[in-house]
Amino acid sequence: MEIVSRIADLRARVAQARQAGRTVGFVPTMGYLHEGHLTLMRQAKEAHGVVVASIFVNPLQFGPKEDFASYPRDLERDSQMAAAAGVDVLFAPDVKEMYPGGFENMLAFVDVRDVTEHLCGASRPGHFRGVATVVTKLFNIVEPDAAYFGQKDAQQVVVIRRMAEDLNMRVRIVAVPIVREADGLAMSSRNVYLNPAERQAALVLIKSLRLAEQSFMAGERNAPQIIAQMRRLIEQEPLATVDYISISDPNNLENVAEIGGSALVALAVRIGKTRLIDNLLWEGQ
Ligand code: AMP
């Protein structure tokens, strides 16, 4: 595996792969890799001659009070894990390479309306503008045939799909199911922030999703009822504070009242200072 930090070098390496007739799969990440990221990489490797993964903690998608500075970083460890997962080229630019004039001085952005305004968009203003903009930059740098995203960030998948569709991006967007710890906690780089008591408390997210599933299986179709049950369960955990719980149409993320077709049950919960997200997708018949 090659580690590349310059855009020009990455472009040259991808051009070489294309000349050799290979297709390019791309996995954008913020690093501090775990089994969720590695699953995306392995899946990309199954479908493509060359896999490019990026590690870039993007300042543009963090709010002023968020964890940009403290976000976990370990390139040495990440590069070993990425190599073992089959990544051919690891693109790890610094902030100056991605934003030579400073990210604060950017004039052009990619704004996706509506689907960015619900769920995480409501409590993280500007987050999805930062995501859509950096993903566009990365797509323009790598020019992949396909890009792999985790269903863990369900809203991100909707935003990126809509962006690629509306702006005629040539890339195919592939969504990969959530990878979980043995006890059900969705894997996340931010899980490293949790102390042992918080790690235990973090199980309320999956417990509340399981409760929603049970309720749905028992015939409940009223979304506010299911949300209320989930909220009651989470409120019993002293270390947990609900940011949002929503049941929405997975295509446009509009809230649904009565569940008819497919539905996305999504939530964000603060465990101590750490904000965690999780979700569950009900495919309609
Ligand atoms: P991040 O480094 O957190 O920005 O994540 C990079 C990519 O990995 C995103 O597409 C995430 O949705 C995906 N990802 C993160 N955690 C998981 C997980 N537990 N299961 C599946 N995909 C994940």
Side-chain angles (χ1 to χ4, degrees), residues 25-46 51-63 66-68 70-75 77-79 81-82 85-87 90-93 95 98 115 119-120 124 127-139 142 144 146-164 171-194 199 202-203 205-206 209 250 264 266-269 274-281:
F26 176 47
V27 183
T29 83
M30 299 203 298
Y32 212 72
L33 302 180
H34 52 65
E35 200 52 37
H37 300 113
L38 302 181
T39 303
L40 305 188
M41 292 167 182
R42 288 190 204 105
Q43 195 166 323
K45 188 65 177 182
E46 272 174 30
V51 174
V52 177
S54 62
I55 294 184
F56 181 61
V57 185
N58 173 36
L60 202 60
Q61 71 189 65
F62 285 78
E66 294 182 357
D67 57 344
F68 173 71
S70 60
Y71 197 85
R73 294 161 169 91
D74 189 342
L75 187 58
R77 169 182 172 275
D78 285 351
S79 47
M81 292 168 80
V87 170
L90 189 65
F91 179 49
V95 172
M98 289 297 282
V115 290
L119 314 179
C120 291
R124 303 187 71 187
H127 170 68
F128 287 110
R129 181 163 104 145
V131 170
T133 301
V134 81
V135 170
T136 299
K137 283 165 72 72
L138 290 166
F139 283 177
V142 179
Y148 293 73
F149 292 87
Q151 186 60 29
K152 154 98 187 323
D153 299 274
Q155 186 172 16
Q156 177 168 276
V157 173
V158 173
V159 171
I160 299 296
R161 272 196 201 290
R162 197 54 205 257
M163 172 186 91
V171 57
R172 188 164 58 89
I173 306 300
V174 182
V176 178
I178 301 176
V179 179
R180 299 180 177 282
E181 301 287 355
D183 61 6
L185 179 67
M187 290 195 181
S188 164
S189 306
R190 290 192 168 98
N191 291 348
V192 73
Y193 297 146
L194 303 170
R199 172 65 182 77
L203 292 175
L205 282 92
I206 183 65
L209 289 172
L264 175 73
L267 75 166
V269 176
T274 307
R275 185 174 176 281
L276 300 177
I277 57 172
D278 202 345
N279 69 83
L280 165 68
L281 187 62

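All ligand and atom numbering here is 1-based and tracks the order in the structure. Both backbone and side-chain heavy atoms feed into the values below; hydrogens, waters and symmetry mates do not. Index from 1, following the sequence.
- Scanning for side chain to side chain contact (heavy atoms under 4.5 Å, CB included) contacts around Gln43 gives Tyr148, Val174, Val176, with sequence neighbours left out.
- Among the candidates Leu40, Val27, Val87, Asp78, the single residue satisfying the side chain to side chain contact (heavy atoms under 4.5 Å, CB included) test with Leu33 is Asp78.
- Summarising the local packing, CZ of Arg162 is surrounded by 12 or fewer heavy atoms from other residues, nucleotides or ligands at distances under 6.0 Å.
- Annotation for Phe56 and Pro93: closest pair CD1-O, 3.6 Å, computed over non-hydrogen atoms.
- Shown here are the side chain to side chain donor-acceptor pair (under 3.5 Å) partners of Glu66, two or more places apart in sequence or in another chain: Arg124.
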Quick one: table the atom pairs, ligand 1 N or O against protein N or O, below 3.5 Å, distance rounded to 0.1 Å.
residue	atom	partner	partner atom	Å
ligand 1	2 (O)	Met30	N	2.9
ligand 1	2 (O)	His37	NE2	2.9
ligand 1	5 (O)	His37	NE2	3.4
ligand 1	10 (O)	Gly150	N	2.9
ligand 1	12 (O)	Gly150	N	3.2
ligand 1	12 (O)	Gly150	O	3.1
ligand 1	12 (O)	Asp153	OD2	2.6
ligand 1	16 (N)	Met187	O	3.4
ligand 1	19 (N)	Val179	O	2.9
ligand 1	19 (N)	Met187	N	3.4
ligand 1	19 (N)	Met187	O	2.9
ligand 1	20 (N)	Val179	N	2.8

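- In this structure, the side chain to side chain contact (heavy atoms under 4.5 Å, CB included) partners of Asp74, at least two apart in sequence or on a different chain, are Tyr32, Glu76, Arg77.
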